[in-house]
Q: 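Following this message is one structure expressed as structure tokens.
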Amino acid sequence: MPSLVAPVMPPGSLNASTQPTLPIDDDLLLRPWLPSDAATVARVFQDPTIQHWHLRKADSEDEAQEWIKQWRRGWESETACHWAVVDAGGDRVLGRVSLQSVIMVGGQAEISYWTTPESRGQGVCSRAVARVSSWALEEAGFNRLELSHSTVNIASCRIAEKTGFALEGVRRQALLHADGWHDMHLHARVHEA
């Protein structure tokens, strides 16, 4: 069945080139995940705060290694873009930012993120979200980015506000966490022509 509209991002818009490394000022870098990052991922997912706001945990370094393989395949299949947030040298993982649930036809994705316990409260996450958002909307060709978080996750709401994601509404009982159903804020940024 023929489409009435052309895709916002035709196939190959992402994977025709390698996933970019994105600098943030002089002290942070967003780079593709490496197998050597698995130990940090496994450690971070033992943190109670990460487990509170996320739906999965890593029980071993091997499991984290499998996640990293999946994250890397996301770029190849144009279904997701995952970056490690690292120090300027590229060695110390400080967090993660990703574009998930990519819809190429509509040029849409959902942004998600976390930071290591020792990196919280230093602006790492908001700077990474801002950088990926500007890359997605101004360089890569995305039209809309969504950011969703539990209505009681005040830290995520602050990140959304700091990085220009407008609050669009509340999705009632939209996500089941380990502690029960959560209403979710829906924020979004769109490409400004």
Q: Are the charged groups of Arg43 and Glu118 less than 4.0 angstrom apart, N to O?
A: yes
Q: Side-chain contact test, heavy atoms from C-beta onward, threshold under 4.5 Å: evaluate it for Gln100 versus His82 and give yes or no.
A: yes
Q: With a 4.5 Å limit on heavy-atom distance, are the side chains of Trp53 and Trp114 in contact?
A: no
Q: Hey, does Ile68 have a side-chain heavy atom less than 4.5 Å from the side chain of Leu34?
A: no
Q: Is Arg96 positioned over the aromatic face of Trp71, cation under 6.0 angstrom from the ring centre and no more than 45 degrees off axis?
A: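 Judged by the rule, Arg96 and Trp71 form a cation-pi pair.
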Q: Going from OH on Tyr113 to SG on Cys125, what distance comes out if it is rounded to the nearest 0.5 angstrom?
A: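 Nearest 0.5 Å value for the OH-SG distance: 6.0 Å.
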Q: Less than 4.0 angstrom from a charged side-chain N to a carboxylate O is my criterion; do Glu66 and Lys69 meet it?
A: yes
Q: Return the CG to CG distance between Leu29 and Asp87, rounded to the nearest 0.5 Å.
A: 8.5 Å
Q: Is the backbone N or O of Ile50 less than 3.5 Å from a side-chain atom of His54, with the two atoms forming a donor-acceptor pair by type?
A: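 Looks like yes, one N/O pair under 3.5 Å.
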Q: Quick one: does Gln173's side chain get under 4.5 Å of Asp183's, heavy atoms only?
A: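 Of all side-chain heavy-atom pairs linking Asp183 with Gln173, at least one is under 4.5 Å.
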Q: Give a yes or no on whether Met184 and Leu186 share a hydrophobic cluster (residues Ile, Leu, Val, Met, Phe, Trp, Tyr; joining criterion: side-chain heavy atoms under 4.5 Å apart).
A: no
Q: Where does the angle between the aromatic ring planes of Phe142 and Trp135 fall among parallel (under 30°), tilted (30 to 60°) and perpendicular (over 60°)?
A: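 Rings of Phe142 and Trp135: tilted, as their planes differ by 30° to 60°.
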Q: State whether Asp27 and Arg127 are salt-bridged, where the test is any N-O pair (Lys NZ or Arg NE/NH1/NH2 against Asp/Glu carboxylate O) under 4.0 Å.
A: yes
Q: Is the number of heavy atoms from other residues, nucleotides or ligands under 6.0 Å of Arg171 CZ greater than 12?
A: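 At most 12 heavy atoms, drawn from other residues, nucleotides or ligands, come within 6.0 Å of this atom.
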Q: Under the side chain to side chain donor-acceptor pair (under 3.5 Å) test against His187, which residue among His149, Glu168, Glu146 passes?
A: His149
Q: Any ion pair linking Arg31 and Asp37 (charged N to carboxylate O, less than 4.0 Å)?
A: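 Here Asp37 pairs with Arg31 in a salt bridge, since their nearest N and O are under 4.0 Å apart.
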Q: Just by distance, no angles: are the side chains of Thr163 and Ser126 close enough, under 3.5 Å, to form a donor-acceptor pair?
A: no
Q: Taking C-beta and beyond as the side chain, do His185 and Leu167 meet within less than 4.5 Å on heavy atoms?
A: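 Counting from C-beta outward, His185 and Leu167 do come under 4.5 Å.
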Q: Answer with yes or no whether the hydrophobic clustering places Leu99 together with Leu28; edges join I, L, V, M, F, W, Y residues whose side-chain heavy atoms lie under 4.5 Å apart.
A: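 Yes, because Leu99 and Leu28 connect within a single hydrophobic cluster, where side-chain heavy atoms sit under 4.5 Å apart.
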Q: Rounded to the nearest 0.5 Å, what separates atom CD in Glu192 from atom CD in Glu138?
A: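 Glu192 CD to Glu138 CD: 10.0 Å, rounded to 0.5 Å.
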Q: Side chains of His191 and Arg144: donor-acceptor distance under 3.5 Å anywhere?
A: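 No pair is found: no donor N or O on one side chain lies under 3.5 Å from an acceptor on the other.
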Q: Side-chain donor-acceptor pair under 3.5 Å between Glu110 and Ser101, yes or no?
A: no
Q: Would you check if the side chain of Arg131 reaches a backbone N or O of Leu30 as a donor-acceptor pair within less than 3.5 Å?
A: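 Such a contact is absent between Arg131 side chain and Leu30 backbone.
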Q: When you compare the side chains of Ser150 and His182, does any donor N or O come within less than 3.5 Å of an acceptor on the partner?
A: yes
